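Working notes, beginning with the structure itself.
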Amino acid sequence: MREETKLTLLMLLAMLFWGGGWSALKILTYNLPMEVIVFWRWFFMLLAFLPILYYFKKPLSLSLHNLKYILGSALLNIAFMVSAFYGIKYGYAGSGSVIITTFSPIMTFLLVAILFRKPLTTQQYFGLLLGLVGGYILLQLNDFELFFNSANGYFLLCSLIWAGVTLLSQHSQKHIHPIHYSFFIALVATVVSFFYAKNNPYFFNVFAQDAKFWTALIYLSVLGQAVATTIFFIASGKLGSQKTSSFMFLVPLFALLSAWLVLGEPIELHILIGGAISMLAVYFINKK
């Protein structure tokens, strides 16, 4: 089997892991408070990175210049996890994943255009217009009462937060290895979330949970984060960022299917239509 074929199969596996992570998070929202789940998710993700660091055998190094990216990204990642927790808790995991994963690239592009005053092409304006249409359908903005009484506000906030995470990670990769960057983010997020969660009376109740809970926690922390992220970084270095980024379009599909199979969630028509339009928008925005 050729190396490119192997990397393609690994990328499909990584997208499957990412997509299934939303259903895993939904299972984790059933029994324990948000701050407890957030800490243990980061803690096990941190542990999962240790064998990955050993595999790459790259000495860890951290400069003050890189620290600002890591601290900023860690805080944004925690904020994302908090918002995603409440969004998934009160909404559908499949719908939330489609809204977040299709809307985040559009938010990122808008932030770049505004912050760096980047001129837009006609094609990109068309993509943004499609993005607005897709967002209108996805978020059901035809009914503001429904929007404000649903989890869509949390999902929209997740999209905006992740746009900030994306910008920081793009700048950081010029100065620090992506795996080291992810490890340090997990380390900082674990420490910060520990001080927030340690006084919660349910902190150690995680060890009293059933096999379903632990399967979801390990899946989300290890497969859905550490392993999938590592595969993505390795593949992007060998296949090219443009080709690997195209695999991201599979995440909403896998997330919808896993939520339907694992959680029995309905696949809503407005999510399918709005998600398809939003993915088309991302294609036009990024097309050379």
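Remember, predicted model here, so these are calculated numbers, not experimental data. Sequence positions, counted from 1, serve as the residue numbers for this chain.
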Run the side-chain contact (heavy atoms from CB on, under 4.5 Å) test against Ala79 and tell me which residues pass, sequence neighbours left out. Ile161
State, yes or no, whether a side-chain contact exists between Ile78 and Val188 at a heavy-atom distance under 4.5 Å. no
On a heavy-atom basis, the closest approach of Pro51 and Leu47 is CD-O, 3.3 Å
How long is the straight-line distance from CG of Leu220 back to CH2 of Trp18, given to the nearest 0.5 Å? 13.0 Å
Donor-acceptor contacts, no H, no angles, side chain residues 32-46, under 3.5 Å, sequence neighbours left out:
from: Glu35; atom 1: OE2; to: Asn200; atom 2: ND2; distance (Å): 2.7
from: Trp40; atom 1: NE1; to: Phe203; atom 2: O; distance (Å): 3.1
from: Arg41; atom 1: NH2; to: Gln225; atom 2: OE1; distance (Å): 3.3

Among residues at least two apart in sequence or on other chains, which ones pass side-chain contact (heavy atoms from CB on, under 4.5 Å) with Leu261? none
Using a 4.5 Å cut-off on heavy atoms from C-beta on, say whether the side chain of Val165 contacts that of Phe80. no
So for atom OH, which belongs to Tyr30, do other residues, nucleotides or ligands contribute more than 12 heavy atoms lying within a distance under 6.0 Å? yes
State whether the number of non-hydrogen atoms from other residues, nucleotides or ligands found under 6.0 Å of Tyr196 atom OH is greater than 12. no
Can you find a side-chain donor-acceptor pair between Tyr86 and Thr29 that sits under 3.5 Å? no
Report the C-alpha separation of Ser23 and Ser258 in whole Å, then their side-chain angles, then the decisive distance to 0.1 Å, and conclude whether the side-chain hydrogen bond (donor to acceptor under 3.5 Å, both in side chains) test is met. CA-CA 7 Å; Ser23 295; Ser258 68; 3.2 Å; yes
Counting only heavy atoms from other residues, nucleotides and ligands, does the tally under 6.0 Å from OH of Tyr92 exceed 12? no
